[in-house]
A.B. asks: 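What follows is a structure written as structure tokens; I'll ask about it next.
These numbers come from a predicted model, not from an experiment.
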There are 2 protein chains.
Amino acid sequence: MMPPSPLQKTRAGSAAPAAAAAPERRQPAAAPAVEQVDTGYLETLIGYNARRAALAVIERFMARMAAFELKPVDFSVLSLITHNPGITSRQLCNALGILPPNLVGMINALERRKLIARQPHPRDGRAVGLHLTGTGRKLMRDAERTAMEVETEATRALSAAERQTLIRLLKKIYL
Amino acid sequence: MMPPSPLQKTRAGSAAPAAAAAPERRQPAAAPAVEQVDTGYLETLIGYNARRAALAVIERFMARMAAFELKPVDFSVLSLITHNPGITSRQLCNALGILPPNLVGMINALERRKLIARQPHPRDGRAVGLHLTGTGRKLMRDAERTAMEVETEATRALSAAERQTLIRLLKKIYL
DNA sequence: TATTGTTATACTCTATAACTATA
DNA sequence: TATAGTTATAGAGTATAACAATA
């Protein structure tokens with residue numbers, strides 16, 4: 001997806017030593033060169049850190065879910081259908097922040113793969129209820145187990161308590 | 001950017017009560033309707049929470065930075081140049097996970113706005129050092145102050161200690 | 001009149017191949 | 001030969017307008 005890059009840290013405020021190999025010569029007032037990139041300032045920002053962390057986890061998630069031919073958004077859609085049988089397209093859009101025109105293709109593709117089936121909505125003739133097929137249920141059992149494995153791998157550096165804390169604090173940001 | 005949607009919570013595992021208004025009638029084996037979308041399962045996943053949180057903060061960030069005509073990536077680029085005068089395009093790409101072809105247009109646009117200037121690299125004839133202009137420095141003083149205000153707004157629900165903890169845990173995920 | 005699902009379409013973001021000039 | 005910067009271009013993701021069917 002994106003080369004995450006080591007992001008080596010230096011403490012902020014340093015003016016970058018120009019030439020490490022020639023310490024004796026007085027340099028003219030030339031443009032300095034950067035030896036080690038200082039990302040200290042950006043790393044103080046919640047948005048920067050949250051995005052980097054999300055990308056790191058999602059990259060790992062994508063690698064593992066490729067076996068099921070599921071992108072993160074496909075997994076999210078199937079997961080919501082799994083736990084909300086009969087959910088409508090509109091409800092999916094609202095829950096996931098997807099615009100209706102962009103969901104149509106995903107739903108059609110999942111239906112072509114026989115993972116989901118459309119059924120008439122019991123009380124609203126405009127809406128269509130979405131349901132997993134047997135094949136879909138089987139796939140999602142495996143996919144959700146894999147998702148849990150990804151969780152374990154991605155949060156390997158965290159204790160169980162830290163993992164709980166992280167999720168609690170993230171929810172306080174976006175809820 | 002994206003309607004974040006309230007994301008009302010219900011506890012997981014419920015099979016969705018079909019008709020709230022007609023409790024007496026025995027319903028035929030029809031497709032159920034979903035009254036309240038249950039996102040409980042997705043909310044147990046770090047990737048989901050990190051992405052939602054990142055989008056929430058970035059949305060707020062974009063709204064405030066529009067006054068400076070800076071998108072998040074522009075701010076990141078200018079901020080790295082600010083704290084690393086003489087940084088090269090390649091170093092920017094590595095630090096931010098941007099592919100070189102996609103950085104060219106951004107750099108050109110910032111140069112056209114007289115916010116940055118290219119200077120020859122002191123030791124590598126292929127590379128170009130990037131520097132802020134006076135205008136760029138002035139803009140970034142205001143922009144970084146605004147970024148700090150966004151931090152305060154976005155983490156309003158967190159204590160200072162929680163904010164520190166959140167950043168520390170996020171770094172453990174992606175570093 | 002408002003809403004669900006849909007089509008068409010545009011815009012942005014991200015990714016790959018290939019070129020040039022310098023090392 | 002390898003790397004920095006660049007061009008062109010393809011693909012994925014996200015956005016708005018407008019329509020038919022139903023409420």
A.B. asks: Round to the nearest Å and state the distance from B:Asp124 atom CG to D:dG5 atom P.
C.D. replies: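 One finds 8 Å between P of D:dG5 and CG of B:Asp124, rounded.
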A.B. asks: Quick check: on DNA chain D, is the nucleotide nearest B:Thr88 upstream (toward 5') of the one nearest B:Asn102, or the reverse? Name the residue that is more 5'.
C.D. replies: B:Thr88
A.B. asks: Take the protein atom CZ of B:Arg51 and the nucleotide atom C1' of D:dG13, then report the distance between them rounded to whole Å.
C.D. replies: 10 Å
A.B. asks: What contact category does A:Val128 fall into here, base, sugar-phosphate, or nothing, at under 4.0 angstrom with non-hydrogen atoms?
C.D. replies: sugar-phosphate
A.B. asks: Return the value, rounded to whole Å, for the distance between atom CG of B:Leu99 and atom P of D:dA12.
C.D. replies: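 Rounding to the nearest Å, CG of B:Leu99 and P of D:dA12 are 16 Å apart.
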A.B. asks: Could you check which of C:dT6, D:dG13, C:dC13 has an atom nearest any side-chain atom of A:Pro101?
C.D. replies: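 The nucleotide sitting nearest to the side chain is C:dT6.
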A.B. asks: In terms of side-chain heavy atoms of B:Val104, which of D:dA2, C:dT6, D:dT6 is nearest?
C.D. replies: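 Per side-chain heavy atoms of B:Val104, the pick is D:dT6.
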A.B. asks: Rounded to whole Å, please give me the gap between CG in B:Leu55 and P in D:dG13.
C.D. replies: 14 Å
A.B. asks: Hey, are the side chains of A:Lys172 and B:Leu166 touching, using non-hydrogen atoms and a 4.5 Å cut-off?
C.D. replies: no
A.B. asks: Looking only at the side chain of A:Arg126 (C-beta and beyond, no hydrogens), which of the listed nucleotides D:dT14, D:dT22, D:dA4 gets closest?
C.D. replies: D:dT22
A.B. asks: Is the shortest side-chain N to carboxylate O distance from B:Arg123 to A:Glu35 below 4.0 Å?
C.D. replies: yes
A.B. asks: Measuring to OP1 and OP2 of C:dT6, would you say a side-chain N or O of A:Arg118 lies under 4.0 angstrom away?
C.D. replies: yes
A.B. asks: Atom CG of B:Asp74 to atom C1' of C:dT12: distance rounded to whole Å?
C.D. replies: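 After rounding, the reported distance stands at 13 Å.
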A.B. asks: Does the base of C:dT4 carry an N or O that pairs as donor and acceptor with the side chain of A:Arg90 under 3.5 Å?
C.D. replies: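 Flag unset: no donor-acceptor pair detected.
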A.B. asks: Ring-plane angle category for B:Tyr174 and A:Tyr48, please: parallel below 30°, perpendicular beyond 60°, tilted otherwise.
C.D. replies: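 Because their plane-to-plane angle is over 60°, the rings of B:Tyr174 and A:Tyr48 count as perpendicular.
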A.B. asks: Measure the distance from CG on B:Leu103 to P on D:dT7 and round it to the nearest whole Å.
C.D. replies: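 For the pair B:Leu103 CG and D:dT7 P, the rounded distance is 12 Å.
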A.B. asks: When you measure from the side chain of A:Thr44 to the backbone of A:Gly40, do you find a donor-acceptor pair of N or O atoms at a distance under 3.5 Å?
C.D. replies: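 Such a contact is absent between A:Thr44 side chain and A:Gly40 backbone.
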A.B. asks: So does A:Arg52 pair up with A:Glu43, basic N to acidic O under 4.0 Å?
C.D. replies: no
A.B. asks: Provide, to the nearest angstrom, the distance between the CE atom belonging to A:Met106 and the C1' atom belonging to D:dA12.
C.D. replies: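 In whole Å, D:dA12 C1' lies 10 Å from A:Met106 CE.
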A.B. asks: Over how many whole Å does the gap from A:Glu111 atom CD to C:dG5 atom C1' extend?
C.D. replies: 13 Å
A.B. asks: Is there a side-chain polar atom (N or O) of B:Lys71 under 4.0 Å from OP1 or OP2 of C:dC13?
C.D. replies: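 Affirmative; the distance criterion is met.
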